There are 2 protein chains.
Amino acid sequence: MSDIDVNIGIAAHASGLTAKTIRYYEDIGLVTPKRNENGYRVYSRLQVNKLKFLQRARALGFTIVECRQLLSLYEDKRRASADVKAIATDKIEAISLKIKELESLKESLSVLTEGCSGNDLPDCPIIDCLAGADLSD
Amino acid sequence: MSDIDVNIGIAAHASGLTAKTIRYYEDIGLVTPKRNENGYRVYSRLQVNKLKFLQRARALGFTIVECRQLLSLYEDKRRASADVKAIATDKIEAISLKIKELESLKESLSVLTEGCSGNDLPDCPIIDCLAGADLSD
DNA sequence: CTTGACCTTCCGGTTACTGGAAGCAATATA
DNA sequence: TATATTGCTTCCAGTAACCGGAAGGTCAAG
(Lines give C-alpha, C1' and ligand atoms only; values in the text may rest on other atoms or scores of the structure.)
Protein backbone atom coordinates (compact mmCIF):
# COMPACT_ATOMS: atom_id res chain seq x y z
CA MET A 1 0.00 0.00 0.00
CA SER A 2 1.46 3.30 -1.05
CA ASP A 3 1.56 6.20 1.34
CA ILE A 4 -0.77 8.16 -0.90
CA ASP A 5 -3.65 5.79 -0.12
CA VAL A 6 -6.36 7.52 1.87
CA ASN A 7 -9.48 6.78 3.86
CA ILE A 8 -12.90 7.80 2.68
CA GLY A 9 -12.95 11.04 4.68
CA ILE A 10 -9.81 12.32 2.98
CA ALA A 11 -11.06 11.13 -0.39
CA ALA A 12 -14.29 13.00 0.22
CA HIS A 13 -12.48 16.19 1.11
CA ALA A 14 -10.12 15.90 -1.85
CA SER A 15 -12.89 15.19 -4.36
CA GLY A 16 -15.56 17.54 -3.11
CA LEU A 17 -18.00 14.66 -2.64
CA THR A 18 -19.48 13.42 0.63
CA ALA A 19 -18.51 10.05 2.11
CA LYS A 20 -22.11 8.98 1.61
CA THR A 21 -21.93 9.76 -2.08
CA ILE A 22 -18.62 7.95 -2.47
CA ARG A 23 -20.08 4.83 -0.86
CA TYR A 24 -23.03 5.14 -3.19
CA TYR A 25 -20.69 5.32 -6.18
CA GLU A 26 -19.10 2.12 -4.95
CA ASP A 27 -22.53 0.47 -4.65
CA ILE A 28 -23.26 1.23 -8.29
CA GLY A 29 -19.84 0.13 -9.39
CA LEU A 30 -18.21 3.43 -10.35
CA VAL A 31 -15.15 3.39 -8.07
CA THR A 32 -14.34 0.30 -6.01
CA PRO A 33 -11.61 0.78 -3.40
CA LYS A 34 -9.59 -1.90 -1.64
CA ARG A 35 -10.11 -2.53 2.04
CA ASN A 36 -7.46 -2.74 4.73
CA GLU A 37 -7.42 -5.09 7.73
CA ASN A 38 -9.99 -3.17 9.75
CA GLY A 39 -12.43 -3.08 6.86
CA TYR A 40 -11.89 0.60 6.06
CA ARG A 41 -12.03 1.66 2.41
CA VAL A 42 -8.65 2.64 0.95
CA TYR A 43 -8.51 4.93 -2.07
CA SER A 44 -5.47 5.16 -4.34
CA ARG A 45 -4.46 8.43 -5.96
CA LEU A 46 -5.91 7.22 -9.25
CA GLN A 47 -9.22 6.50 -7.56
CA VAL A 48 -9.29 9.90 -5.90
CA ASN A 49 -8.73 11.39 -9.34
CA LYS A 50 -11.67 9.43 -10.67
CA LEU A 51 -13.80 10.75 -7.83
CA LYS A 52 -12.76 14.29 -8.70
CA PHE A 53 -13.59 13.56 -12.32
CA LEU A 54 -17.04 12.36 -11.28
CA GLN A 55 -17.62 15.38 -9.09
CA ARG A 56 -16.87 17.73 -11.99
CA ALA A 57 -18.95 15.79 -14.47
CA ARG A 58 -21.95 15.67 -12.10
CA ALA A 59 -21.57 19.41 -11.43
CA LEU A 60 -21.73 19.94 -15.18
CA GLY A 61 -25.06 18.21 -15.26
CA PHE A 62 -24.06 14.81 -16.60
CA THR A 63 -26.18 11.94 -15.29
CA ILE A 64 -24.63 8.90 -13.65
CA VAL A 65 -25.16 6.92 -16.84
CA GLU A 66 -23.31 9.59 -18.82
CA CYS A 67 -20.63 9.75 -16.15
CA ARG A 68 -20.11 6.03 -16.55
CA GLN A 69 -19.56 6.53 -20.29
CA LEU A 70 -17.26 9.49 -19.73
CA LEU A 71 -15.30 7.58 -17.12
CA SER A 72 -14.68 4.70 -19.51
CA LEU A 73 -13.53 7.19 -22.13
CA TYR A 74 -11.38 8.86 -19.50
CA GLU A 75 -9.76 5.53 -18.77
CA ASP A 76 -9.30 4.65 -22.42
CA LYS A 77 -6.18 6.27 -23.84
CA ARG A 78 -7.21 5.29 -27.35
CA ARG A 79 -10.69 6.84 -27.35
CA ALA A 80 -11.68 9.27 -30.05
CA SER A 81 -12.47 12.81 -29.00
CA ALA A 82 -15.57 12.54 -31.23
CA ASP A 83 -17.09 10.05 -28.79
CA VAL A 84 -16.74 12.46 -25.92
CA LYS A 85 -17.92 15.40 -27.98
CA ALA A 86 -21.10 13.54 -28.96
CA ILE A 87 -22.08 13.06 -25.32
CA ALA A 88 -21.40 16.69 -24.50
CA THR A 89 -23.28 17.95 -27.56
CA ASP A 90 -26.34 15.88 -26.69
CA LYS A 91 -26.19 17.31 -23.21
CA ILE A 92 -26.07 20.88 -24.52
CA GLU A 93 -29.15 20.28 -26.62
CA ALA A 94 -31.02 18.76 -23.69
CA ILE A 95 -30.07 21.73 -21.53
CA SER A 96 -31.22 24.20 -24.19
CA LEU A 97 -34.57 22.47 -24.40
CA LYS A 98 -34.97 22.50 -20.64
CA ILE A 99 -34.17 26.21 -20.56
CA LYS A 100 -36.81 26.92 -23.19
CA GLU A 101 -39.41 24.97 -21.27
CA LEU A 102 -38.61 26.82 -18.09
CA GLU A 103 -38.74 30.18 -19.84
CA SER A 104 -42.15 29.38 -21.25
CA LEU A 105 -43.27 28.32 -17.80
CA LYS A 106 -41.93 31.50 -16.29
CA GLU A 107 -43.68 33.59 -18.92
CA SER A 108 -47.02 31.95 -18.17
CA LEU A 109 -46.62 32.51 -14.46
CA SER A 110 -45.47 36.10 -14.94
CA VAL A 111 -48.53 36.95 -17.00
CA LEU A 112 -50.69 35.54 -14.26
CA THR A 113 -49.00 37.30 -11.35
CA GLU A 114 -48.97 40.62 -13.17
CA GLY A 115 -52.73 40.39 -13.50
CA CYS A 116 -53.10 39.55 -9.84
CA SER A 117 -53.72 42.43 -7.46
CA GLY A 118 -52.19 40.53 -4.54
CA ASN A 119 -54.50 42.10 -2.01
CA ASP A 120 -56.95 40.82 0.61
CA LEU A 121 -59.69 40.23 -1.94
CA PRO A 122 -60.52 36.74 -3.14
CA ASP A 123 -60.35 37.71 -6.82
CA CYS A 124 -57.33 35.98 -8.24
CA PRO A 125 -56.57 35.42 -11.91
CA ILE A 126 -54.07 32.71 -11.04
CA ILE A 127 -56.68 30.55 -9.39
CA ASP A 128 -59.18 31.47 -12.10
CA CYS A 129 -56.75 30.30 -14.74
CA LEU A 130 -55.96 27.06 -12.97
CA ALA A 131 -59.68 26.55 -12.46
CA GLY A 132 -60.39 26.52 -16.14
CA ALA A 133 -59.25 29.39 -18.31
CA ASP A 134 -57.33 28.40 -21.41
CA LEU A 135 -53.61 29.05 -21.27
CA SER A 136 -52.77 27.85 -24.76
CA ASP A 137 -50.49 29.95 -26.93
CA MET B 1 -75.38 9.42 -7.51
CA SER B 2 -75.68 12.07 -10.16
CA ASP B 3 -75.43 11.18 -13.83
CA ILE B 4 -72.32 13.31 -14.15
CA ASP B 5 -70.35 10.92 -11.95
CA VAL B 6 -67.66 9.13 -13.89
CA ASN B 7 -65.23 6.24 -13.62
CA ILE B 8 -61.50 6.78 -13.43
CA GLY B 9 -60.96 6.28 -17.16
CA ILE B 10 -63.32 9.11 -18.05
CA ALA B 11 -61.88 11.29 -15.29
CA ALA B 12 -58.41 10.62 -16.69
CA HIS B 13 -59.45 11.58 -20.20
CA ALA B 14 -61.26 14.70 -19.00
CA SER B 15 -58.39 15.90 -16.80
CA GLY B 16 -55.46 15.01 -19.00
CA LEU B 17 -53.97 12.81 -16.28
CA THR B 18 -53.43 9.05 -16.38
CA ALA B 19 -55.51 6.68 -14.22
CA LYS B 20 -52.29 5.74 -12.47
CA THR B 21 -51.62 9.33 -11.56
CA ILE B 22 -55.17 9.85 -10.33
CA ARG B 23 -54.91 6.83 -8.05
CA TYR B 24 -51.62 8.19 -6.81
CA TYR B 25 -53.28 11.53 -6.04
CA GLU B 26 -55.84 9.60 -4.02
CA ASP B 27 -53.05 7.79 -2.13
CA ILE B 28 -51.54 11.08 -1.06
CA GLY B 29 -54.91 12.55 -0.17
CA LEU B 30 -55.42 15.11 -2.91
CA VAL B 31 -58.72 13.92 -4.39
CA THR B 32 -60.65 11.10 -2.72
CA PRO B 33 -63.57 9.71 -4.75
CA LYS B 34 -66.50 7.66 -3.52
CA ARG B 35 -66.79 4.02 -4.51
CA ASN B 36 -69.81 2.27 -5.98
CA GLU B 37 -71.00 -1.31 -5.27
CA ASN B 38 -68.37 -3.01 -7.40
CA GLY B 39 -65.55 -1.05 -5.79
CA TYR B 40 -64.94 1.25 -8.76
CA ARG B 41 -63.93 4.83 -8.05
CA VAL B 42 -66.62 7.41 -8.82
CA TYR B 43 -65.63 11.00 -9.51
CA SER B 44 -68.07 13.91 -9.21
CA ARG B 45 -67.90 16.86 -11.55
CA LEU B 46 -66.29 18.93 -8.77
CA GLN B 47 -63.62 16.27 -8.34
CA VAL B 48 -62.93 16.13 -12.06
CA ASN B 49 -62.48 19.90 -11.94
CA LYS B 50 -60.00 19.51 -9.13
CA LEU B 51 -58.09 16.95 -11.22
CA LYS B 52 -58.00 19.40 -14.12
CA PHE B 53 -56.79 22.07 -11.73
CA LEU B 54 -54.02 19.77 -10.56
CA GLN B 55 -53.04 18.89 -14.11
CA ARG B 56 -52.66 22.55 -15.01
CA ALA B 57 -50.78 23.43 -11.86
CA ARG B 58 -48.35 20.52 -12.33
CA ALA B 59 -47.84 21.50 -15.97
CA LEU B 60 -46.92 24.96 -14.74
CA GLY B 61 -44.20 23.45 -12.62
CA PHE B 62 -45.81 23.58 -9.19
CA THR B 63 -44.77 20.73 -6.90
CA ILE B 64 -47.32 18.48 -5.22
CA VAL B 65 -46.83 20.38 -1.96
CA GLU B 66 -47.55 23.64 -3.73
CA CYS B 67 -50.51 22.07 -5.51
CA ARG B 68 -51.90 21.10 -2.14
CA GLN B 69 -51.66 24.72 -1.01
CA LEU B 70 -53.15 26.01 -4.23
CA LEU B 71 -55.96 23.47 -4.04
CA SER B 72 -56.89 24.58 -0.54
CA LEU B 73 -56.89 28.17 -1.73
CA TYR B 74 -58.95 27.11 -4.74
CA GLU B 75 -61.47 25.56 -2.40
CA ASP B 76 -61.51 28.54 -0.05
CA LYS B 77 -63.83 31.25 -1.31
CA ARG B 78 -62.49 33.67 1.31
CA ARG B 79 -58.82 33.35 0.45
CA ALA B 80 -56.79 36.46 -0.31
CA SER B 81 -55.28 36.74 -3.77
CA ALA B 82 -52.03 37.78 -2.04
CA ASP B 83 -51.65 34.23 -0.69
CA VAL B 84 -51.83 32.77 -4.15
CA LYS B 85 -49.59 35.44 -5.63
CA ALA B 86 -46.91 34.73 -3.02
CA ILE B 87 -46.71 31.08 -4.06
CA ALA B 88 -46.54 31.97 -7.75
CA THR B 89 -43.92 34.67 -7.17
CA ASP B 90 -41.72 32.27 -5.23
CA LYS B 91 -42.06 29.81 -8.08
CA ILE B 92 -41.01 32.42 -10.64
CA GLU B 93 -37.89 33.20 -8.65
CA ALA B 94 -37.00 29.54 -8.33
CA ILE B 95 -37.48 29.07 -12.06
CA SER B 96 -35.29 32.08 -12.86
CA LEU B 97 -32.54 30.69 -10.67
CA LYS B 98 -32.78 27.28 -12.31
CA ILE B 99 -32.56 28.92 -15.75
CA LYS B 100 -29.44 30.81 -14.73
CA GLU B 101 -27.80 27.66 -13.47
CA LEU B 102 -28.60 25.82 -16.68
CA GLU B 103 -27.28 28.68 -18.80
CA SER B 104 -24.03 28.69 -16.91
CA LEU B 105 -23.81 24.93 -17.37
CA LYS B 106 -24.49 25.23 -21.06
CA GLU B 107 -21.85 27.91 -21.40
CA SER B 108 -19.24 25.72 -19.76
CA LEU B 109 -20.08 22.79 -21.98
CA SER B 110 -20.14 24.96 -25.10
CA VAL B 111 -16.68 26.30 -24.41
CA LEU B 112 -15.45 22.75 -24.03
CA THR B 113 -17.06 21.34 -27.18
CA GLU B 114 -15.91 24.29 -29.27
CA GLY B 115 -12.35 23.48 -28.28
CA CYS B 116 -12.82 19.81 -29.13
CA SER B 117 -11.86 18.71 -32.60
CA GLY B 118 -14.30 15.80 -32.51
CA ASN B 119 -12.09 13.59 -34.62
CA ASP B 120 -10.53 10.17 -34.26
CA LEU B 121 -7.68 11.44 -32.17
CA PRO B 122 -7.56 10.89 -28.43
CA ASP B 123 -6.87 14.56 -27.67
CA CYS B 124 -9.98 15.88 -26.01
CA PRO B 125 -10.24 19.10 -23.98
CA ILE B 126 -13.49 17.91 -22.43
CA ILE B 127 -11.85 14.91 -20.83
CA ASP B 128 -8.81 17.01 -20.00
CA CYS B 129 -11.00 19.50 -18.20
CA LEU B 130 -12.88 16.87 -16.28
CA ALA B 131 -9.59 15.25 -15.43
CA GLY B 132 -8.31 18.28 -13.63
CA ALA B 133 -8.28 21.63 -15.40
CA ASP B 134 -9.83 24.47 -13.46
CA LEU B 135 -13.22 25.59 -14.71
CA SER B 136 -13.77 28.40 -12.22
CA ASP B 137 -15.10 31.74 -13.47
C1' DC C 1 -9.46 4.77 30.22
C1' DT C 2 -12.55 7.30 28.32
C1' DT C 3 -13.88 10.71 24.98
C1' DG C 4 -14.58 11.97 20.43
C1' DA C 5 -13.78 11.55 15.66
C1' DC C 6 -13.95 8.40 12.04
C1' DC C 7 -15.31 4.24 10.01
C1' DT C 8 -18.68 0.20 9.00
C1' DT C 9 -23.44 -1.79 7.44
C1' DC C 10 -28.24 -1.56 6.97
C1' DC C 11 -32.77 0.47 6.57
C1' DG C 12 -35.85 3.88 5.22
C1' DG C 13 -37.09 8.16 2.98
C1' DT C 14 -37.09 11.55 -0.75
C1' DT C 15 -40.25 13.22 -5.79
C1' DA C 16 -43.89 12.07 -8.57
C1' DC C 17 -45.01 8.95 -10.53
C1' DT C 18 -44.68 4.37 -14.00
C1' DG C 19 -44.88 -0.56 -15.15
C1' DG C 20 -46.46 -4.95 -14.38
C1' DA C 21 -48.83 -9.00 -12.33
C1' DA C 22 -52.97 -11.25 -10.73
C1' DG C 23 -57.60 -11.12 -10.63
C1' DC C 24 -62.64 -9.28 -10.72
C1' DA C 25 -66.38 -6.64 -13.59
C1' DA C 26 -68.66 -5.00 -17.62
C1' DT C 27 -69.32 -5.00 -22.35
C1' DA C 28 -68.96 -6.32 -27.29
C1' DT C 29 -68.90 -9.86 -30.48
C1' DA C 30 -69.73 -14.58 -32.53
C1' DT D 1 -74.85 -18.02 -24.41
C1' DA D 2 -69.88 -18.34 -24.60
C1' DT D 3 -65.93 -15.89 -25.27
C1' DA D 4 -62.82 -12.06 -25.92
C1' DT D 5 -61.66 -7.57 -24.90
C1' DT D 6 -61.58 -3.74 -22.24
C1' DG D 7 -61.68 -1.53 -17.78
C1' DC D 8 -61.28 -1.67 -13.12
C1' DT D 9 -59.08 -3.27 -8.60
C1' DT D 10 -54.86 -4.00 -5.36
C1' DC D 11 -50.17 -4.65 -4.47
C1' DC D 12 -45.18 -4.76 -5.36
C1' DA D 13 -41.15 -2.93 -7.33
C1' DG D 14 -38.46 0.43 -9.65
C1' DT D 15 -36.91 5.06 -11.17
C1' DA D 16 -32.40 9.17 -10.00
C1' DA D 17 -29.11 10.18 -6.96
C1' DC D 18 -28.47 10.32 -3.12
C1' DC D 19 -29.50 11.81 2.47
C1' DG D 20 -30.42 10.82 7.38
C1' DG D 21 -30.05 8.09 11.14
C1' DA D 22 -29.29 3.94 14.03
C1' DA D 23 -26.20 0.60 15.99
C1' DG D 24 -21.79 -0.56 16.48
C1' DG D 25 -16.48 -1.27 15.54
C1' DT D 26 -11.71 1.45 15.44
C1' DC D 27 -8.26 4.69 16.35
C1' DA D 28 -5.63 8.62 18.33
C1' DA D 29 -5.32 11.90 22.13
C1' DG D 30 -5.45 13.46 26.85
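Below, all heavy atoms of this structure are taken into account, side chains as well, without hydrogens, waters or symmetry copies. Since the structure is predicted, the reported quantities are computational estimates derived from the model, not experimental observations. Sequence lines set the chain letters: A, B, ... in the order given, protein chains first and strands last, and positions in each chain run from 1.
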Measuring to OP1 and OP2 of [N], would you say a side-chain N or O of [X] lies under 4.0 angstrom away?
{"X": "B:T63", "N": "C:dT15", "result": "no"}
{"X": "B:T18", "N": "C:dT18", "result": "yes"}
{"X": "B:N38", "N": "C:dA26", "result": "yes"}

Same cluster for A:I10 and A:Y43 if Ile/Leu/Val/Met/Phe/Trp/Tyr side chains link at under 4.5 Å?
yes
With sequence neighbours left out, write down each residue that passes side chain to side chain contact (heavy atoms under 4.5 Å, CB included) with B:Y40, or none if nothing qualifies.
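Expected list: B:N7, B:N36, B:N38.
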Listed partners of B:N119 passing side chain to side chain contact (heavy atoms under 4.5 Å, CB included), at least two apart
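So B:N119 forms a side chain to side chain contact (heavy atoms under 4.5 Å, CB included) with A:S81, B:S117, B:L121.
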Among residues 25-33 of chain B, which contact DNA chain D at a heavy-atom distance under 4.0 Å?
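Heavy-atom cutoff 4.0 Å gives no residues at all.
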Return whichever of B:A19 or A:T21 has its heavy-atom-nearest nucleotide of DNA chain D closer to the 5' end.
B:A19
Can you check the [X] [atom1] to [N] [atom2] distance for me, whole Å?
{"X": "B:Y43", "N": "D:dC8", "atom1": "OH", "atom2": "C1'", "result": "11 Å"}
{"X": "B:Y24", "N": "C:dG20", "atom1": "OH", "atom2": "P", "result": "20 Å"}
{"X": "A:L54", "N": "D:dA17", "atom1": "CG", "atom2": "C1'", "result": "13 Å"}
{"X": "A:F62", "N": "D:dA16", "atom1": "CZ", "atom2": "P", "result": "17 Å"}
{"X": "B:E66", "N": "C:dT15", "atom1": "CD", "atom2": "P", "result": "12 Å"}
{"X": "B:N36", "N": "D:dG7", "atom1": "CG", "atom2": "C1'", "result": "13 Å"}

Could you give the side-chain donor-acceptor pairs of residues 82-89 of chain B under 3.5 Å, partners two or more places apart or in another chain?
residue: B:K85; atom: NZ; partner: A:T113; partner atom: O; Å: 3.3
residue: B:K85; atom: NZ; partner: A:C116; partner atom: O; Å: 2.8
residue: B:T89; atom: OG1; partner: B:K85; partner atom: O; Å: 2.7

According to the ring pair (Phe, Tyr, Trp, His ring centres under 6.0 Å) rule, which pairs have a member within residues 79-98 of chain A, sequence neighbours left out?
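Pairs touching residues 79-98 of chain A that pass the test: none.
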Side chains of residues 47-54 of chain A: which donor-acceptor partners sit under 3.5 Å, not counting sequence neighbours?
residue: A:Q47; atom: OE1; partner: A:S44; partner atom: N; Å: 3.2
residue: A:Q47; atom: NE2; partner: A:T32; partner atom: O; Å: 2.8
residue: A:K50; atom: NZ; partner: A:E75; partner atom: OE2; Å: 2.4

If you restrict it to nitrogen or oxygen atoms, what contacts under 3.5 Å exist between nucleotides 9-13 of chain C and the protein, and what is each distance?
residue: C:dT9; atom: OP1; partner: A:R35; partner atom: NH1; Å: 3.2
residue: C:dT9; atom: OP1; partner: A:R35; partner atom: NH2; Å: 3.2
residue: C:dT9; atom: OP2; partner: A:R41; partner atom: NH1; Å: 3.0
residue: C:dT9; atom: OP2; partner: A:R41; partner atom: NH2; Å: 2.7

Kindly give the heavy-atom pair with the smallest separation between A:A57 and A:L70, and that separation in Å.
CB-CD1, 4.4 Å
Kindly state which residues belonging to residues 86-98 of chain A come within less than 4.0 angstrom of DNA chain C, counting heavy atoms of the residue only, listed by number.
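Heavy-atom cutoff 4.0 Å gives no residues at all.
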Please list, for nucleotides 1-6 of chain C, all pairs of protein and nucleotide N/O atoms separated by less than 3.5 Å.
none

What's the spacing between [X] [atom1] and [Y] [atom2] if we round to 0.5 Å?
{"X": "B:Q55", "Y": "B:I22", "atom1": "CD", "atom2": "CD1", "value": "10.5 Å"}
{"X": "A:I64", "Y": "A:I28", "atom1": "CD1", "atom2": "CD1", "value": "4.5 Å"}
{"X": "B:L71", "Y": "B:Y25", "atom1": "CG", "atom2": "OH", "value": "10.5 Å"}
{"X": "A:C67", "Y": "A:Y74", "atom1": "SG", "atom2": "OH", "value": "13.0 Å"}

Main chain of B:K100, side chain of B:S104: is a donor-acceptor contact present, judged purely on distance under 3.5 Å?
no
Let me have the donor-acceptor pairs involving side chains of residues 91-99 of chain A, under 3.5 Å, with sequence neighbours excluded, atom names and distances please.
residue: A:K91; atom: NZ; partner: A:G61; partner atom: O; Å: 3.1
residue: A:K91; atom: NZ; partner: A:E66; partner atom: OE1; Å: 3.1
residue: A:S96; atom: OG; partner: A:I92; partner atom: O; Å: 3.0
residue: A:S96; atom: OG; partner: B:K106; partner atom: NZ; Å: 3.2

Sort and list the pairs that fulfil salt bridge (charged side-chain N to carboxylate O under 4.0 Å, His left out) and have at least one residue in residues 20-31 of chain B, not counting sequence neighbours.
B:E26-B:R35, B:E26-B:R41
